[in-house]
Amino acid sequence: MRKTSSLLTALALATVGAPAGAVVHTIHVGGGGLVFTPSNIEALVGDTVTFVNDGGFHNVASDAGSPLSFRCANGCDGSGGNGDISNAAWSATITISQAAAHGSIGFHCEAHEGAGMVGSISVTNPVDLQSFSID
C-alpha cells in the first residue's frame, strides 16, 4: 500500500508541476510608453521569452547579478545579434536555462531604466519524476 500511495503522490505532483511543453511568453517593449507589457511574468525552465519592440528607441538587458545574462534588440549579443538600443521593429528571443531555475531574472531598457522601464521573470523548475524515490 505504501508503494502505491507514494507512486500516486509522485504522479500527482508531476502532473501538476510539469509543463505539457515549453511555453513561449511574449513581452511587448514600448509602444504605449516606457513600459514592458507584461512587466512581470512567471516561467519554467525550458520556456522561451520573446521581446517585441512595438515602437520607440529601446533594447532589453538583464540586470547585473541575474541568473541569466542577455542584452537584446536586433538579436542578442553573443548569439549573432546586436543588443544595442534601436528604434527598429525588432524582436528577440531568449530561452530560460537550467542556470536560472528557482531565481528571478530582472531586466530593463538601457535607455529608460531610470524612467522605470523594468521588469522581471520569476523562474521555477518543473517537477522531475527522477527526483522521487519509491520505497
Side-chain angles (χ1 to χ4, degrees):
M1 180 69 177
R2 180 166 181 208
K3 287 183 183 181
T4 303
S5 180
S6 297
L7 179 60
L8 291 175
T9 301
L11 290 174
L13 287 171
T15 302
V16 170
V23 173
V24 176
H25 304 273
T26 302
I27 297 177
H28 294 272
V29 180
L34 302 179
V35 296
F36 291 104
T37 308
S39 59
N40 301 298
I41 64 168
E42 294 182 6
L44 295 173
V45 170
D47 288 358
T48 59
V49 178
T50 299
F51 296 94
V52 179
N53 188 15
D54 289 336
F57 190 62
H58 305 292
N59 74 345
V60 61
S62 58
D63 293 348
S66 287
L68 183 65
S69 180
F70 57 88
R71 184 175 175 266
C72 306
N74 294 305
C76 299
D77 293 346
S79 59
N82 183 340
D84 290 343
I85 300 165
S86 173
N87 63 356
W90 56 263
S91 70
T93 302
I94 62 167
T95 300
I96 307 300
S97 67
Q98 184 65 40
H102 304 291
S104 180
I105 304 166
F107 58 88
H108 61 276
C109 172
E110 290 178 318
H112 303 109
E113 180 179 15
M117 194 168 179
V118 298
S120 69
I121 304 166
S122 296
V123 181
T124 55
N125 200 15
V127 175
D128 180 358
L129 270 179
Q130 306 244 349
S131 67
F132 289 99
S133 65
I134 300 174
D135 299 326

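All values derive from a computational prediction rather than experimental measurement. Quick note: numbers below take in every heavy atom, side chains included, and nothing from hydrogens, waters or symmetry partners.
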For a quick test of reading the model, state the closest non-hydrogen atom pair linking [X] to [Y] and the distance between them.
X	Y	result
Thr95	Gly46	CG2-O, 4.2 Å
Asn87	Phe57	N-CD1, 3.8 Å
His108	Ser62	CE1-O, 3.6 Å
Asn59	Trp90	CA-CZ2, 3.7 Å
Ser91	Thr50	CB-CG2, 4.3 Å
Leu68	Ser97	CD1-OG, 3.6 Å

Donor-acceptor pairs under 3.5 angstrom involving side-chain atoms of residues 21-41: please list them, not counting sequence neighbours.
{"unit_1": "His25", "atom_1": "NE2", "unit_2": "Asp47", "atom_2": "OD2", "d": "3.0"}
{"unit_1": "His28", "atom_1": "ND1", "unit_2": "Asp54", "atom_2": "OD1", "d": "3.3"}
{"unit_1": "His28", "atom_1": "ND1", "unit_2": "Asp54", "atom_2": "OD2", "d": "2.8"}
{"unit_1": "Asn40", "atom_1": "OD1", "unit_2": "Ser120", "atom_2": "N", "d": "3.3"}
{"unit_1": "Asn40", "atom_1": "OD1", "unit_2": "Ser120", "atom_2": "OG", "d": "2.7"}

Give every residue pair that meets the disulfide (SG to SG under 2.5 Å) criterion with at least one member in residues 22-72, sequence neighbours excluded.
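Counting only pairs at least two positions apart or across chains, the disulfide (SG to SG under 2.5 Å) contacts touching residues 22-72 are Cys72-Cys76.
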Asn53 side chain to Ala88 main-chain N or O, any donor-acceptor pair under 3.5 Å?
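Checked: pair present.
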Please check if the side chain of Ser122 supplies one atom and the backbone of Glu42 the other of a donor-acceptor pair under 3.5 Å.
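No, the answer is negative, given that no donor and acceptor are paired below the 3.5 Å cut-off.
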In the single-linkage hydrophobic clustering (I, L, V, M, F, W, Y; side-chain heavy atoms under 4.5 Å), do Val118 and Val60 co-cluster?
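Result: no, two separate clusters.
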At what distance, to the nearest 0.5 angstrom, does [atom1] of [X] lie from [atom2] of [Y]?
X	Y	atom1	atom2	value
Glu113	Phe107	CD	CZ	11.5 Å
Ile85	Arg71	CD1	CZ	7.0 Å
Thr124	Ile96	OG1	CD1	10.5 Å
Phe70	Asp77	CZ	CG	11.5 Å

The criterion is side chain to side chain donor-acceptor pair (under 3.5 Å); which residues satisfy it with Ser86, sequence neighbours excluded?
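By the side chain to side chain donor-acceptor pair (under 3.5 Å) rule, Ser86 matches Asn74.
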